[in-house]
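Order of the sequence lines sets the chain letters (A, B, ...), proteins ahead of strands, with each chain counted from 1.
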Amino acid sequence: MDFTLNSEQTMLRDSARRYLAQAGGASWQGYAELGWLGIAAPEDAGGLGGGMADLAILAEELGRALAPEPFADGAVLATRLVDRLVVGHSREALLGEMIAGTRRLAAALYEPGRRYELAPQTTAVRDGGGYRLSGTKVLVMDGAAADDLLVTAALDGGVALFLVGREQAGVDGRAYRTVDRRDCADFRLDVTVEADRLLSGNALDAVEDALDEARLCLCADMLGGMDSAIEMTAEYLKTRTQFGQKLATFQALQHSVADLFIDADSVRSSLLRAIPAFGGERAARRKAVSACWVNTFETAKRVTGMAVHLHGAIGFTTEYRVGHYLRRAIVSERLFGDVEFHLARYMEG
Amino acid sequence: MDFTLNSEQTMLRDSARRYLAQAGGASWQGYAELGWLGIAAPEDAGGLGGGMADLAILAEELGRALAPEPFADGAVLATRLVDRLVVGHSREALLGEMIAGTRRLAAALYEPGRRYELAPQTTAVRDGGGYRLSGTKVLVMDGAAADDLLVTAALDGGVALFLVGREQAGVDGRAYRTVDRRDCADFRLDVTVEADRLLSGNALDAVEDALDEARLCLCADMLGGMDSAIEMTAEYLKTRTQFGQKLATFQALQHSVADLFIDADSVRSSLLRAIPAFGGERAARRKAVSACWVNTFETAKRVTGMAVHLHGAIGFTTEYRVGHYLRRAIVSERLFGDVEFHLARYMEG
Amino acid sequence: MNMAFTAEDEAFQQEVRGFIAANLPPALARREAMGFHNDRATVTAWQTALHRRGWTAPGWPVEFGGTGWSPVQRYIFERECGLANVPEICLIALSMVGPVLCRFGSPELRERFLQPILRGDYWFCQGFSEPEAGSDLASLRTRAVRDGGDWVINGQKIWTTDAHMADFMVCLARTDTEVKPQAGLSMIIVPMDAPGVTVRAIETLDGDHHVNEVFLDNVRVPAGNLIGEPNSGWTQAKFLLEHERTHNAYAGMLCRYVARIPALIEVGRANGLPEAQATEYRRRHARLAIDVEALEWSVLRVLAGQPGPALGAAASALAVRGAQCLLRAADLEMAILGPQVAPAFRPEDGVPMPAFAPPAAAGRTTQYLYWWAATIFGGSDEVQRTIIWNTLYR
Amino acid sequence: MNMAFTAEDEAFQQEVRGFIAANLPPALARREAMGFHNDRATVTAWQTALHRRGWTAPGWPVEFGGTGWSPVQRYIFERECGLANVPEICLIALSMVGPVLCRFGSPELRERFLQPILRGDYWFCQGFSEPEAGSDLASLRTRAVRDGGDWVINGQKIWTTDAHMADFMVCLARTDTEVKPQAGLSMIIVPMDAPGVTVRAIETLDGDHHVNEVFLDNVRVPAGNLIGEPNSGWTQAKFLLEHERTHNAYAGMLCRYVARIPALIEVGRANGLPEAQATEYRRRHARLAIDVEALEWSVLRVLAGQPGPALGAAASALAVRGAQCLLRAADLEMAILGPQVAPAFRPEDGVPMPAFAPPAAAGRTTQYLYWWAATIFGGSDEVQRTIIWNTLYR
C-alpha cells in the first residue's frame, strides 16, 4: 500500500495549485488549455485517461481555489457518460470537442419533487424516425452554458439517455444561480430528437457509475476547501489582536483549530479509502463513495462554519474568502444526494 | 411565575444538604427520622404531602450526595402507588409503617425480555379465595431489602397490582448489584396471595403516574450529581499543577467546564418546566417528563464523563468521588425507560 | 415556587395573538417567514399599529412609554411574535438606545428622541465596533474632540447594522486619551446625514445587506448630543449590552422553527422525501423541540431573576445554546427540503425562482448562513464561555 | 498511489485468521469479548502459541525477534486480532520496553531480557507517572542515587498498569538534579520483588484492578540495569511513547465493535427492543462504521508514513478520534441492551448473574466506563490538540 503521489500526480497537483493561485477561478477555456477537460476522457479519444485518484487530486485543488466552473459535473460526469455510452465514429469527435472545450455537455438527471431519484418521469416515445421527449429536468448544473444536455427518460421500461441540443425548439430553459453563485438551470422538455440521439436504452448503471466518480470529485473538492479554510483561519488568528493579545495565543482557539484538523483529516482518510474502491466491484464502490459523502458533508459544514465563526464578523462578508467555502459546502452536499440519502445507500449496500 | 423556593423548600434543601454532607449516604432509618420517607405521603396518613417540587428538591440533594438508598423508587414510587391504590383502613397503617421506615416496599414492574413494557406477562388467576401469581420480575431496585413487593400482573384483561410479601413461599429472589453498587433483585413468582392483597384491578394509569414522579426525581438526582461533578472539577483544576501552571489557568479547560455548566443549566430548565406539568393534564405531563428525561440523561453522561476526563487518571478511581456520578448516570438512565424510549414517548404525546 | 403560567398570563397571550392577527400585514409576515430581512419602509405599518396600542417598547420604564409588563408577559409577547412571523423593528433604537436615554439621557435628549423612536420616525444604528476592536471595546480609536459648542468626531466604525437606513448613530468615541482606556469613552448621538458621515455597504454570506462600514470624517455634532456625563460611555455601553440579556437566545425565532418544521416535513414528503428520512427528521425535530423548551424556561428564569447561578452566567449560557439551536433548526430545514434549497432565492432582485422549488424553500439556506453569525452576536461563544468561567468558577 | 490491499496482503490476512482460529483458546476469546481484562495466567497459552509462530513482537527489529512485517501487514494483524477477540498480551514489555532495549540497551540487557519477554516469562510495568507528574514528565521526583555498583531508588509511581503482575518495572528516575529537568532522567529496570518495592492496588470505575501505586523505598538495583547512558531517559521515554503511535486509535477494537453490533441489535430485538429504536441504532451503527473505516485508513496512512500533514499531528488526531469512537460504540451497545446492562457483572467474584440478562450484556457498561480512560491514555485529548496546533499551525 502506497499513499505517495507518483510524479505525474505531483505535477498535476502542483501545477493546478500554482495556476489557480494566480488565475483565481479560471475559465472553461482555461480548463481546456490546461488539459483538465480531458483528464476524465480515454486516451484513445485524445484524453488523458486519468483514474479516480487523478480526478480527485485535481478536484481537491479546484475546491481549494473555489473554482466556479463545474468540474465534477461537466468534465467528469458528462465525459464519463459519453465515454461509456456513445458508440460509433461520433464518439471520438464528440469527446474531442468536449476535451477542447468547444462543446459543453450538462447532465439533466433530476426532476421536480423527486429529489435524487434517477428513474425518470420524463418519457421518450417513438415519433417517426426519432423520439419525442416530454418532462421537466431540474438542478442542471451549468445547464444554461451547455451546448447539449444529457437527458434521462423512460423508454420501454428502461432508463434511456439522450443527447439533446439545448437550443433546440421545445427545450425551454430557465437559468438561475445556486446559493454559492454557481450557474444552474431547469428545463421543460417537449422536443423531438433524431434516432441517433439515443445514446443508450439502459443507461442506469452507467449513470450511477459516472455519478459516483463525480461524487467523489465533489468530496475531494470539499476536502480542498476545508484544508484551505483551516489554514486561512490559523493565519488569521495569528494576525488579529483582541484584548491586547494575538488571537492565536488563546488556547481555546488553538484547540478549536486542532479539532477542525482532526475532522478534516478523517475526511481525507474516507477519500483515500474510496478511491481504490473504483478498481473493485460495484457494490463495494457504492458503499465506499456513500461513506465518503456522509463523512465529507457532515464534516464540511461544521469545519467551514467554524472557520467562519473563528474569523468573527469579517468571516461573514462576501468580500472575504472563508465564507465562500461554507456556501459551497451546503450547495455541494445537495447536488448528487444528501447526507441522509447516502447514509441510506451505505446501509443498503 | 416565580422560581424562588418558599421557606419550607429552602429549609428542606439546606437541611438535606447539610445532613448529607456530614452523614455521607445516610441509612433508610436515617431517611425516616428526617421525614424524607413521608415527603411523598399524604398528610391525612401522617405524611408531609409534598408536591413534585418538594420531591425534586430533595432528590437533587440526594443525587449531589450520591446517596445509595432508593428514594425515587422506594420513597416516591412505592408510596405514591400505595397512596393511590390502597383503600380502606389498611391504607393509613401501611403508609404509617412506610413513613416510619419499618416496612419497605419495592415496585416489581419489569419483566425479562420486555424492556420497559408495563403490560405484564406475569399472570394472576383466582385460586380459592385468593390469587395465584406466576411470572418473573426483574430490575427490582432494593428488592432484596424490601418487606413487600408491589407486583403487576395480568388479570381479566387488565393490569392488576398486588402486594406480595417478599419472604412468602413461592417468591424466589435473586439479589445482585447494579454497576453503581445499588441493590437490586430479580424474582421468580409462583405464589398464592389472599384476596385483600389485590390493590387494584386496573392499575396502569396509577403506575404511569407514580413512575412519572419517580422519573422526575431521578432527573433531579442527576442534576444534583452534575452540579456537584462540575464544581468538583473546577475546584480540582485550581489545585492541580501541570507544566508549571495550575490547570485552571488553561483556557481550553476553563471553556470545557463552562460547556458543562451550559449543558447542566439546560437540564435545570427542563426540570423546572416539567414540575408544573404535574398540576396539569396527563398527556402534557408525560411529554414534559419524557422531554426532561431525554435532556437529562443525554446530558448527564456527557457532563459526568467529561468531569471524569478533566480530572485525569484520578477521576477513574473508585476511591475518588467524581466517577461515581458517571456510574450513577448510566445506571439511572436505564431504570425507568431509556433515552430512546422517552424520545418515542415524547413524540407520541 | 409557582412555575406555571397563570390565567392572566394565558389571557394576555390570547390578547397578543389577537392583536397580531388583526394588525400584522400578511405580506410582511410572509417575507419574514422566508427569513428575508425587512427594511424600514415595509415595517412602518406594523410599528404604527404597535405604537397605537402602546406596545412598541416593552423594555422601557412605563413613564417613558414602556408597557409595564411582567417578565412573563414580555416573554409571551416575544414568543407570540416569533410564532406569528412578526419582523423585528429597529432593535437598536428600541431595545438599546431608548433604555440608555431613559436611564442616562438629559431631559432635552429624552424630549427630542424618545417619542420619535416609539413612533418609528427615528431609526438608530450602533457605532461600537471598529476594525481593530471587535469584542474589545477598550481598544476603540474613534476620537471626539471638543471644539466650542460641538464635538468633532473622527474615526471608522464597522459591522454597523442598518447604518444605511438609520437616522442616527449612537457612537462610542474616545473623549479623553489621558486616562485608562475604559475611562475615556463617551456615547454621542450622530445624525447620519451630518457632513463627513459616509456609509459603505458590506454584503454578507446570505447575500443580503445588513451591515456597513461608517467613516466619520470631521463630523461635527452639538455638545448636547453627548449622553450623560462625558467619559461615562463605558458604563452606558455595558448597561446597553446587558439590557437585553435574553435577546441572544432567539427564543421566539426558535419557537417559530419548532412550530413549522412538522408541516415542512410534509412539504418534503410531497416532494419525494423518503419515509425513512422523514422519520429521522421527525426525530431530530423532537430532539430540537426538547432543547428549545428548555431554552424557553431558561429565558424565563433569567427574566424572573431566579436566584442560583449568577444571572450573567445563565445569560451567557443562553446565548451559546440559542445559536446552537438556531443552526440545528435551520440545518434541519435545509435537510428536509434537500436539493430544493440549492438555488439562490431573491424574489425581488430579478433572479427567477426555479420551477421546481416549493415556496417554503425560499430563504432556507440564506437563513442557515445568517445564523452562523448568531455564534458571535453580542460576544462570541468563546467570550461567553470565559464569562461563565470567570463568574462561577474562577 | 496504490491504496488497495494486494493479493499478498489478502493471503496474509487469511493466514492470520487461520492461525488465530487454530490457536486462540475459546474461553479467552469469550472473556475478552465481554471486555473483562485477562490476567497473566489466562493469556499464557496464547502467548506461547504466538511465540512458537514468531509473531509475538511485530514492532521489533527482525534480528531481535521481530516479524519483519510491512506496515499493512502489521495493521492486518491488529485488525484480525481485534475481530477475533484476541486479548492483549503484555503491551508494555512487548511494545515499549522491548523496542527501547533493542535500540538503547546494552548487549547484556538484551541478552537478559529480550527472549524472556518474547516467551512471556517477563512482564513489565511502566513507572513513569507520579502523583505530581501526569502528562508532565519533566516534574518527576523519583530519585536514583549511585552507591557503589548500585542505584538506590526512592520515590512513588502511580497509575502503574499491571504492576501487580509484572516481574519488572521500567522506572524513569532522576539521576542528576543539577541540570534542567528533562536532562537529568534515566530509565532503570527494577525487579518488582526487590526489597523496598510495595504495590498498592487502585480500583477503577469499571470495578477492575488494572492500575496501582508503587512505592520505591531505598530500592537497590545493579548499575547495569540502567538502560543506555545515564541521563538519557528523556530521549528514551519519547522514543518509547512514540513507538506505538497508532496504538491509541484502537482500530482493532473498533473493528470488533462494528462487526458485532448488528448481531447485538438482533439480541436486543429478541429482548423487547422496539423496531423503531432498532432502526435508530442501525443508523448509529452505520454512522460509526463510516467513521471507523476512516480511522482505519488514517492508521494505514500513519503506518505508511504518508507525506502531507506531519505524522505527529495525524497520530494525535487518531488518538482523539479513537477515543471518541470507542465511547460512541460502547454507548451504542449499552443503548441496544437497555435495562439489561444495569447489573454489575463479575462472573468470577461471586455476584450472581441476573436471570434476565443475555450473555451479551456482561461487561457492556464497565467497558463503556473504561473507555473514558481512553480519552487520557498516552496524553489527554487536550494534550493532543496542543500537539496538533504546535505542529501544524503555530
Nearest non-hydrogen partners of C/Y368 and A/K301, listed with the distance: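 What the structure gives for the nearest pair is OH-CG, 3.1 Å.
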A/R115 versus C/L337, closest heavy-atom pair with distance: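 Reported closest heavy-atom pair: NH1-C, 3.6 Å.
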To the nearest 0.5 Å, tell me how far A/H309 NE2 sits from C/I376 CD1.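 It comes to 8.0 Å.
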Which value, rounded to the nearest 0.5 Å, describes the distance between C/M334 atom CE and A/I330 atom CD1?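 Those atoms lie 4.5 Å apart.
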Less than 4.5 Å to any heavy atom of chain C: does that hold for the side chain of [X], its backbone, both, or neither?
| X | value |
| --- | --- |
| A/R181 | side chain |
| A/L310 | side chain |
| A/A344 | neither |
| A/E117 | neither |
| A/F341 | both |

Is there a donor-acceptor pair under 3.5 Å between the side chain of A/R327 and the backbone N or O of C/L205?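 Yes; at least one donor-acceptor contact below 3.5 Å.
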Does any non-hydrogen side-chain atom of C/E280 lie less than 4.5 Å from one of A/E340?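 Yes; the side chains approach each other to less than 4.5 Å.
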Are A/R334 and C/Q340 side-chain neighbours, meaning at least one heavy-atom pair lies under 4.5 Å?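 Of all side-chain heavy-atom pairs linking C/Q340 with A/R334, none is under 4.5 Å.
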If you count heavy-atom pairs within less than 4.5 Å of chain A, which of C/A270, C/P339, C/G272, C/A342 leads?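 Answer, by heavy-atom pair count under 4.5 Å with chain A: C/P339.
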